[in-house]
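One structure is given below, encoded as structure tokens.
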Amino acid sequence: ELNVPIKMIKATSLIGEHVGDGAKQIHELYHYARHNKPFVIFIDEIDAIALERKYQSLRGDVTEIVNALLTELDGIEDNDSIITICATNNPEILDYAIRSRFEEEIEFTLPDEDERRLIIENNIKTMPLKCVFDMDVAVSKTKNLSGRDIKEKVLKTALHKAISDSHDIITDDDLNYAIHETKKEVTVPDTMFVWYFFYSLFLSFFNVLLRITSFYGIISYKFISYYI
């Protein structure tokens, strides 16, 4: 529709194996865009390369990659006619400087009742089995699910359930099974966090203890040598 070249990239593909690879790939991407203007760059899961710089300890190249992206977005070189569009599910962990470079943020919220009905109606048209479930119930029970979840997790799971049971139609039972499977919550026990906390605390204490022991060991050694 734009009639211009577009480059669609997974942000994780811009992270190299070694420190410096990520920044190099970002510079090369925009270098290519500048020589093929007008150009659209779409980066999916931008949080992979635009983490807030306080996370530097988690990955050694966080600051370097963020700085590289900033220099390209700032347009130190001629970036006219280059449009950068990004997507993320975690905007809260993006570096503020990166986030502030974008002129507009568009939030895609979960579909409301009418939108869920439309999503279900459009998708069941292409399904190989006829759907005879109660549409109102389906719309009600898929509340708080995204369009992708409704399509991939609910409708497809219901289809597979019907086929596995050798049914020629998709019924309410198939749909209820799919919704139940989709809404299963994966919980992490609180004890896991507690044990991780104490494990980290133990490592920190052990590290300090080693430093103190090493320090006093050196003093004792020098004192004994001097005394002798």
Side-chain angles (χ1 to χ4, degrees), residues 1-2 4-15 40-52 55 58-59 83-95 98-99 102-196:
E1 293 181 2
L2 294 175
V4 298
I6 180 171
K7 182 78 170 178
M8 305 184 71
I9 304 170
K10 293 180 180 178
T12 51
S13 68
L14 296 174
I15 301 175
V40 176
I41 298 172
F42 176 79
I43 305 176
D44 193 21
E45 303 299 343
I46 184 66
D47 49 280
I49 59 171
L51 276 174
E52 197 170 352
Y55 296 111
L58 299 179
R59 204 182 70 217
I83 299 174
T84 302
I85 304 172
C86 302
T88 180
N89 291 323
N90 302 292
E92 65 280 355
I93 65 174
L94 293 180
D95 189 89
I98 292 288
R99 194 169 177 177
F102 290 90
E103 297 178 359
E104 186 175 358
E105 290 188 8
I106 302 174
E107 181 182 3
F108 292 91
T109 58
L110 294 175
D112 59 24
E113 185 173 321
D114 293 334
E115 291 168 339
R116 293 197 303 277
R117 184 183 298 276
L118 187 60
I119 290 169
I120 295 173
E121 289 175 346
N122 286 339
N123 280 282
I124 63 177
K125 291 177 182 177
T126 59
M127 298 185 76
L129 298 184
K130 183 178 180 180
C131 298
V132 298
F133 52 75
D134 189 318
M135 180 63 70
D136 292 332
V137 173
V139 171
S140 176
K141 289 189 174 182
T142 52
K143 184 178 180 180
N144 295 328
L145 293 181
S146 66
R148 175 182 173 83
D149 287 339
I150 293 173
K151 177 184 177 181
E152 300 293 333
K153 297 182 179 180
V154 175
L155 294 179
K156 283 192 175 181
T157 301
L159 172 64
H160 296 159
K161 180 69 166 57
I163 293 174
S164 66
D165 292 342
S166 301
H167 294 163
D168 295 327
I169 57 175
I170 300 175
T171 65
D172 287 305
D173 290 339
D174 300 319
L175 186 72
N176 290 334
Y177 169 82
I179 293 173
H180 175 72
E181 290 297 307
T182 300
K183 291 191 173 183
K184 277 184 178 178
E185 294 184 358
V186 180
T187 57
V188 179
D190 293 339
T191 52
M192 182 177 294
F193 172 76
V194 173
W195 279 111
Y196 177 77

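One-based numbering along the sequence shown. Side chains are part of it too, since the values below use all heavy atoms of this structure and drop only hydrogens, waters and symmetry mates.
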Option from Glu105, Glu52, Glu92 for which side chain to side chain donor-acceptor pair (under 3.5 Å) with Arg99 holds: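 Exactly one pass, corresponding to Glu105.
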Residue among Ile43, Asp44, Ile46 satisfying side chain to side chain contact (heavy atoms under 4.5 Å, CB included) with Thr88: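 The passing option is Ile46.
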In Asn123, Ile179, Ile120, Val139, the residue satisfying side chain to side chain contact (heavy atoms under 4.5 Å, CB included) with Ile150 is Ile120
Charged N-O contact under 4.0 Å between Glu152 and Lys156: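 Salt bridge flag = yes for Lys156 with Glu152.
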Salt-bridged, Glu181 to Lys161, with N to O below 4.0 Å?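 The answer is no: the pair does not qualify as a salt bridge.
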Are any of the side-chain heavy atoms of [X] and [Y] separated by less than 4.5 Å?
X	Y	result
Val40	Pro5	no
Ile170	Met127	yes
Lys143	Leu110	no
Ile41	Ile85	no
His167	Ile163	no
Ile93	Leu51	yes

Near Asp112 CG, under 6.0 Å, is it more than 12 heavy atoms from other residues, nucleotides or ligands?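 Correct, the count exceeds 12.
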Quick check on Glu113: does its CD atom have over 12 non-hydrogen neighbours (other residues, nucleotides or ligands) under 6.0 Å away? no
Using 0.5 Å steps for rounding, measure from the [atom1] atom of [X] to the [atom2] atom of [Y].
X	Y	atom1	atom2	answer
Asn89	Ser146	CG	OG	9.0 Å
Lys153	Thr142	NZ	OG1	13.5 Å
Lys151	Asp149	NZ	CG	12.5 Å
Glu45	Leu14	CD	CG	12.5 Å
Asp174	Thr157	CG	OG1	11.0 Å
Thr84	Phe102	OG1	CZ	6.0 Å

From CA spacing to verdict: side-chain contact (heavy atoms from CB on, under 4.5 Å), Leu129, Ile169: CA-CA 5 Å; Leu129 298 184; Ile169 57 175; 5.8 Å; no
Closest approach of [X] and [Y], non-hydrogen atoms and distance?
X	Y	value
Phe42	Cys86	CE1-C, 4.4 Å
Leu155	Phe133	CD2-CZ, 4.3 Å
Pro111	Arg116	O-NH1, 3.1 Å

Chi angles and distances behind the side-chain contact (heavy atoms from CB on, under 4.5 Å) call for Thr182, Leu145: CA-CA 9 Å; Thr182 300; Leu145 293 181; 4.1 Å; yes
Show the numbers, then the answer: is there a side-chain contact (heavy atoms from CB on, under 4.5 Å) between Val154 and Leu175? CA-CA 7 Å; Val154 175; Leu175 186 72; 3.6 Å; yes
Assess whether side-chain contact (heavy atoms from CB on, under 4.5 Å) is satisfied between Glu121 and Met135, documenting all intermediate values. CA-CA 9 Å; Glu121 289 175 346; Met135 180 63 70; 3.8 Å; yes
